[in-house]
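Here the structure comes first, spelled out in structure tokens, and everything after it is commentary.
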Amino acid sequence: MNRNNLTKDIDNVFNFNPGADLSCIMVIFGGTGDLTHRKLMPALYNLQCEKKLPYHFAVVSVGRRDKNNKEYRYEVHDSIRSFARFKINEQTWGQLRQRIYYEKFNFAEDDGYTRLDTFLKKLDDQYQTGGNRIYYLAVAPEYFDVIVEKLHRHGMARNTGSWQRVVIEKPFGRDLPSARILNEKITAVFTESNTYRIDHYLGKEMLQNIMVIRFANMLFEPVWNNQFIDNIQILSCEKVGAGSRAGYYEQAGALRDMMQNHMLQLLTLTTIEPPASLDTESIRDEKVKVLRSLEQFSPEQVFKNVVRGQYGPGVIDDEEVSGYRQEDRVSPTSDTETFIALKVHIDNFRWAGVPFYIRTGKRMPVKSTEIIIQFKPLPNILFAREYGGLDPNLLVIKIQPKEGIFLQFNAKKPGTENIIVPVQMDFCQNCRPGTNSPEAYERLLYDVMRGDSTLFARWDEVEYSWKFVDHIAAAWKERKPNFPNYAAGSWGPAEAAELLAKDNREWLHAGDISA
Ligand code: BG6
């Protein structure tokens, strides 16, 4: 009985709604772009393999390049072969292929929308999609409001008797004022409940698991507070550089690209209070409370608690790589940060006094995302006194590439002498043979189809995240950084290590701790 209840609860976390009408046409603006080819189409194919795509379904990709359906489908086939987690099966691909269409037009042209509307209505008849639409804006941010306004003007955004949802990729603005303007434009057309602001980290398996780990285990929740926890570190590092996205990245930097969204989402899920229920709004309400309680930095605190960095040339995996300033479409004098590390507090009763150390960067030695919870030192009695201190307990929630949990505790080393050593329990869920975790986009697209916005950012989450980040951006404007200040392949600038050294701590990484 308990087991059944658990399954039911987990379904509730994600508001599983078996009765929802998933029939729809998904319109992808930016159909020839990187995101569509690397993430969206492979996700749709994976959903098809899992028999999760609705029977009444079609995809229309809109792009500015000239090509016909046949050419477009051919390109999509290639992308699926390269990026889908399931090996391509021609029969399954055939079922999806025939439902993919390509339409060429310029996003700012009214004629294009008139043609698109007529075409979508024709497809409604053919696929019995009943007028339901997902508009996925996989385009540069300057087109977000243009497209939304055109959809509105052409009567394609709100219709009775059917649903229309819009999915917005990041960046959602570049600061709070611009995000507000964008939000007003979008929500003047689509309601908040039909607006899906994507943060793909929320679609990752282990992020969804954080709440389950915390609230479904008596072992963890009672000690999840400032009485038992010494500090929490959140790390997301990548080996890749800005690469082909440098044009965008130059404007964003690590602060806007990773901190404002993914890193703060990791922080909120780790620290929220138990929600009143598992429905979408209760969870989001708790997340917002954390964001509202975040310490707001003065300029002096920014210079004390936040470190920025930019990579210079270096070596990764025995290969020489160039510095950020030498990359294509990057200014040779660029001041864009590719690394950020900070220390912040959450000013509420649960977390008062616990420092949160967050760091993210490109061109680092490993690809890894993890949350490391370091428990308080033991009282200086018994074994701790005898052995001159013992290692603290550590719990690591491993998000990627390995998904799982790692727990470090002290135990006696087998033998005739009393030697105490830290030992580790390392649970890796995606290392098990036969486990093939869904890609984040798969989960998120499926949720849009069934109208579940739990794993998407509500406007006030975005708003409070920008508020926090804007203080940092404003202070940084006042001082020119001394870039580059870390070599590609290293763990970031020396100041990042000093940030923790000042507190007698050091950055941890599960890969270094594991035996
Ligand atoms: C994206 C950022 O949102 O996340 C990229 O724009 C970054 O710069 C990427 O590389 C990281 O995602 P993941 O899933 O590979 O950790």
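All heavy atoms count here, side chains included; hydrogens, waters and symmetry mates do not.
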### Query
Do R308 and N485 have side-chain atoms, one donor and one acceptor, less than 3.5 Å apart?
no
#### Entry: CZ/F383: more than 12 non-hydrogen atoms of other groups inside 6.0 Å
no
### Task
Look at the side chain of Q233 and the backbone N and O of E506, then say whether any donor-acceptor pair between them is shorter than 3.5 Å.
yes
### Message
Show me the pairs that pass salt bridge (charged side-chain N to carboxylate O under 4.0 Å, His left out) and involve residues 224-235, at least two apart or across chains.
### Response
D230-R505
### Query
Are D447 and R443 ion-paired here, with the side-chain N under 4.0 Å from a carboxylate O?
yes
### Query
Is the number of heavy atoms from other residues, nucleotides or ligands under 6.0 Å of N225 CG greater than 12?
yes
### Task
Any chance you could lay out the side chain to side chain contact (heavy atoms under 4.5 Å, CB included) test for N183 and V462, step after step, and finish with the verdict?
CA-CA 10 Å; N183 195 54; V462 177; over 6 Å; no
### Message
Under a plain distance cut-off of 3.5 Å, with no hydrogens placed, do T195 and E192 share a side-chain donor-acceptor pair?
### Response
no
#### Entry: Side chain to side chain, T270 and W224, heavy atoms closer than 4.5 Å
yes
### Message
Run the ring-ring contact (aromatic ring centres under 6.0 Å, His included) test against F297 and tell me which residues pass, sequence neighbours left out.
### Response
F468
### Query
Side chain of E337, backbone of L255: donor and acceptor closer than 3.5 Å?
yes
### Task
Could you tell me whether the side chain of D470 and the main chain of L176 form a donor-acceptor pair under 3.5 Å?
yes
### Message
Tell me if a side-chain donor or acceptor on T271 pairs with a main-chain N or O of L267 at a distance below 3.5 Å.
### Response
yes
### Message
Taking the side chain as everything from C-beta on, heavy atoms only, tell me whether V166 gets closer than 4.5 Å to Y196.
### Response
no
#### Entry: Contact check, side chains of N305 and V344, non-hydrogen atoms, under 4.5 Å
no
#### Entry: Residues in side chain to side chain contact (heavy atoms under 4.5 Å, CB included) contact with S193, at least two apart in sequence or another chain
T191
### Message
If we count only N and O atoms by modelled type, under 3.5 Å, do the side chains of S178 and D175 hold a donor and an acceptor together?
### Response
yes
### Task
Classify the side-chain pair K287/Q265 by whether it contains a donor and acceptor separated by less than 3.5 Å.
yes
### Task
Check whether any side-chain heavy atom of F339 lies under 4.5 Å from a side-chain heavy atom of C237, and answer yes or no.
no
#### Entry: Side chain to side chain, I232 and I372, heavy atoms closer than 4.5 Å
no
### Query
Is the backbone of L278 close enough, under 3.5 Å, to the side chain of S282 for a donor and an acceptor to pair up by distance?
no
### Query
So do V315 and V321 actually touch side chain to side chain, heavy atoms under 4.5 Å?
no
### salt bridge (Lys or Arg N to Asp or Glu O under 4.0 Å) partners for D460, two or more places apart
R458
### Query
Tell me, which pairs form a side-chain hydrogen bond (donor to acceptor under 3.5 Å, both in side chains) where one or both residues lie in residues 404-422, sequence neighbours left out?
Q408-Q424
### Message
Using ring pair (Phe, Tyr, Trp, His ring centres under 6.0 Å), reason through F172 and W466 one step at a time and then give a plain yes or no.
### Response
CA-CA 10 Å; F172 199 91; W466 275 125; 8.9 Å; no
Could you list the donor-acceptor pairs under 3.5 angstrom formed by side chains in residues 486-498, with sequence neighbours left out?
from	atom 1	to	atom 2	distance (Å)
Y486	OH	T338	O	3.4
Y486	OH	T338	OG1	2.9
Y486	OH	K362	O	2.7
S490	OG	A487	O	2.7
S490	OG	G492	N	3.4

### Query
When you look at E221 and R350, which way does the salt bridge (Lys or Arg N to Asp or Glu O under 4.0 Å) test go after all the steps?
CA-CA 11 Å; E221 189 49 27; R350 183 186 285 262; 2.9 Å; yes
#### Entry: Test item: E403 side-chain N/O and P401 main-chain N/O as donor-acceptor pair under 3.5 Å
no
#### Entry: side-chain hydrogen bond (donor to acceptor under 3.5 Å, both in side chains) between Y249 and E327, worked out
CA-CA 11 Å; Y249 196 84; E327 292 193 10; over 6 Å; no
### Task
Would you mind checking if E439 and R85 are paired as a salt bridge, meaning a charged N to carboxylate O distance below 4.0 Å?
no
### Task
Determine, step by step, whether L35 and L40 satisfy the side chain to side chain contact (heavy atoms under 4.5 Å, CB included) criterion, reporting the C-alpha distance in whole Å, the side-chain angles of both residues, the deciding distance to 0.1 Å, and the verdict.
CA-CA 6 Å; L35 179 72; L40 303 183; 4.2 Å; yes
Would you list the atom pairs, donor with acceptor, under 3.5 Å between side chains in residues 200-207 and any protein atom, with sequence neighbours excluded?
from	atom 1	to	atom 2	distance (Å)
Y201	OH	S236	OG	3.1
K204	NZ	Q400	OE1	2.7

### Task
Scan side-chain atoms only and decide if Y446 and E50 contain a donor-acceptor pair under the 3.5 Å cut-off.
no
### Sequence neighbours excluded, every pair satisfying side-chain hydrogen bond (donor to acceptor under 3.5 Å, both in side chains) that has a member inside residues 315-324
K239-D317, E250-Y324
### Message
Checking side-chain polar atoms at under 3.5 Å, does Y441 have a donor or acceptor matched by the opposite partner on N46?
### Response
no
### Query
Taking the six-membered ring for Trp, are F375 and F228 ring centroids under 6.0 Å apart?
no
### Query
Are the side chain of E238 and the backbone N or O of G361 linked by a donor-acceptor pair below 3.5 Å?
no
### Message
With a 3.5 Å distance limit and no angle check, can you tell me whether R359 reaches the backbone of V307 through a side-chain donor-acceptor pair?
### Response
no
### Message
Checking K477 now: which residues fulfil salt bridge (Lys or Arg N to Asp or Glu O under 4.0 Å) with it, not counting sequence neighbours?
### Response
none
### Query
Are there more than 12 heavy atoms of other residues, nucleotides or ligands under 6.0 Å from atom NZ of K367?
yes
### Summary
Those residues at least two apart in sequence (or on a different chain) that pass side chain to side chain contact (heavy atoms under 4.5 Å, CB included) with R292 are V288, Y464
### Query
Donor-acceptor pair, Q310 side chain versus T336 backbone, under 3.5 Å?
yes
### Task
May I ask you to decide whether R197 forms a salt bridge with E463, counting only side-chain N to carboxylate O separations under 4.0 Å?
no
#### Entry: Heavy-atom neighbours of K343 NZ exceed 12 at 6.0 Å
yes
### Contact list for residues 253-263, test side-chain hydrogen bond (donor to acceptor under 3.5 Å, both in side chains), sequence neighbours left out
K170-D257, D199-H262, Y248-D257
### Task
Could you check Y136 against E169 for side chain to side chain contact (heavy atoms under 4.5 Å, CB included), going step by step and ending with a plain yes or no?
CA-CA 8 Å; Y136 199 115; E169 268 292 334; 2.7 Å; yes
### Query
With no hydrogens and no angle check, is any side-chain donor or acceptor of N348 less than 3.5 Å from a backbone partner on V290?
no
### Query
Does the side chain of S453 reach to within under 4.5 Å of the side chain of R165, using non-hydrogen atoms?
no
### Message
One pair to check against side chain to side chain contact (heavy atoms under 4.5 Å, CB included): L499 and V306. What are the steps and the verdict?
### Response
CA-CA 8 Å; L499 183 68; V306 187; over 6 Å; no
#### Entry: Note, V354 side chain near I229 side chain (heavy atom, < 4.5 Å)
yes
### Query
Please, which pairs that meet side-chain hydrogen bond (donor to acceptor under 3.5 Å, both in side chains) have at least one residue in residues 383-399, sequence neighbours excluded?
K398-D426
